[in-house]
Amino acid sequence: MTTNWAGNIAYGAARWHWPETVEQLQELVSRSRQLRVLGSRHSFNRIADTPGDLISLDKLDPAVTIDRARMTVTASAGVRYGQLGQQLHQAGFALHNLASLPHISLAGACATATHGSGDSNGNLATAVAALEIVTASGERLALSREESGDELNGAVVGLGGAGVVTKVTLDISPAVAVRQDVYENLPLARLEEHFDAITGSAYSVSLFTDWQGPLFNQVWLKRQAPDGAELAAEPEFFGATRAGRKLHPIGSLSAENCTEQLGERGAWHERLPHFRMDFVPSSGEELQTEYLVPRQHALPALRAVLQLRERITPLLLISEVRTIAADELWMSPCYRQACVAIHFSWKKDWPAVQQLLPRIEAALAPFEARPHWGKLFTLPPERVQSLYPRLPEFRALLQRCDPDGKFQNDFLRTYVFTQPGLP
Ligand SMILES: Cc1cc2nc3c(=O)[nH]c(=O)nc-3n(C[C@H](O)[C@H](O)[C@H](O)COP(=O)(O)OP(=O)(O)OC[C@H]3O[C@@H](n4cnc5c(N)ncnc54)[C@H](O)[C@@H]3O)c2cc1C
């Protein structure tokens, strides 16, 4: 347990802790001089690391409470989306969206603005209606939409810097079945002609490409399929052809790890992610990078990446393009702008990927690309900071919750606290 999921980060913590109660956690936080919390370890960079105390919430009570009147669910912050999804589904409720994998924790995913896809779907953190946090002094702080307003918007995508999130309250809606259909070989030219129609054609749309040509190898359409609704899957989709067998986004891998396709209706939590909870997500051996560009820049941004295909292809497993709705969360890449996310699953060769990323970042620079907080990037800190208009307020919020900087680590110091030009 000393490395992240991908195995590319060995955590540098001097001490590890698994508190069993919030009171034990409070005591631990008040005593510690430097600490971070770990979710399910799925981030690819050092965002979760610290040289001090590293805390896992895996032994806290995983209780889940549904409030039917308010249409919310409250769960322990370390609960995995897959576990929560199952319990909500059994009770007849759903979350608005999920990431490609259900293995990640609620607080860890929200802290980095983890997202799925869908023109109308905000990232997962947009469902947060309230948070309970143990701040640096060991005291409990409750933030909610009703009581805390904009401060909650600042704390939700908190990069782990405001304190230990112990409970997360999320908006829920009535459960709806979802079906998933996959199409092969969508020409880029058709996407250019019909971008809005294609990304708006289903509840969640994912486009996969290996950049070998102006083509998306696979299109995954996740459509809500309420009882009694007759949904046909046309044999053709903007020039792409319906797949006759289940596929993995990485064409050479078995589709066994993937959620059901071929139009079979199923529970929302078993269709919105691409990967199944009880299987290894994605390839299991990889690094990831993702850049989010404002939606209006999507097509030129995709063309700019395509120009680099000869450099990208030797290192790439697969790329995925998704859409995300605008939100009000200060440190979300989608703050007040709908975005298109361009994702890269890389072969596990960091020296080579590290050399390539500045080229991709330069190609995407005209399009205000923001890197995913939980993945690998090489953009200079001052560039990253310049992309977040609410950064000064975020800094002030973290300083109020953590005046001595206990929760600060190298990642936060680099991308949040170091102010270019100041000593
Ligand atoms: C195979 C794979 C597929 C992925 N697919 C997607 C995808 O579809 N979409 C997407 O957007 N991302 C995706 N990711 C990235 C992933 O969702 C993010 O890195 C996410 O942050 C991981 O959550 P985690 O629980 O593992 O958090 P960790 O990586 O453990 O931690 C992330 C951050 O959250 C903080 N944190 C965790 N728990 C708490 C807490 N209780 N209180 C305060 N801070 C806390 C940590 O300190 C750290 O800063 C994928 C990653 C992998 C490995």
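Indexing begins at 1, ligand by ligand and atom by atom, following the structure's order.
Listed by atom number, the atoms of ligand 1 under 4.0 Å from His115 heavy atoms are 7 (C), 8 (O), 9 (N), 10 (C), 11 (O). Close approach of ligand 1 to Val164 is summarised as follows: ligand atoms under 4.0 Å from at least one heavy atom of the residue are 42 (N). Interface atoms of ligand 1 facing Trp5, defined by a heavy-atom separation under 4.0 Å, are 1 (C), 53 (C). For ligand 1, the atoms lying closer than 4.0 Å to a non-hydrogen atom of Ser100 are 3 (C), 4 (C), 5 (N), 6 (C), 7 (C), 8 (O).
At a heavy-atom cutoff of 4.0 Å, ligand 1 is contacted by no atom of Trp373, backbone or side chain. The backbone of Arg41, and not its side chain, has at least one atom closer than 4.0 Å to an atom of ligand 1 (non-hydrogen atoms only; backbone = N, CA, C, O). Neither the backbone nor the side chain of Glu286 comes within contact range of ligand 1; no heavy atom lies under 4.0 Å.
The distance between the ring centers of Phe208 and Trp220 falls below 6.0 angstrom.
A side-chain donor from one of His115 and Glu290 sits under 3.5 Å from a side-chain acceptor of the other.
Of the candidates His103, His42, His248, His248 is the only one forming a ring-ring contact (aromatic ring centres under 6.0 Å, His included) with Phe275.
Classification of Arg145 and Asp150 as a salt-bridged pair fails, no side-chain N sitting under 4.0 Å from a carboxylate O.
Phe367 and His297 have tilted rings, their planes meeting at an angle from 30° to 60° on a 0 to 90° scale.
Distances from ligand 1 to the non-hydrogen atoms of His343 include no value under 4.0 Å.
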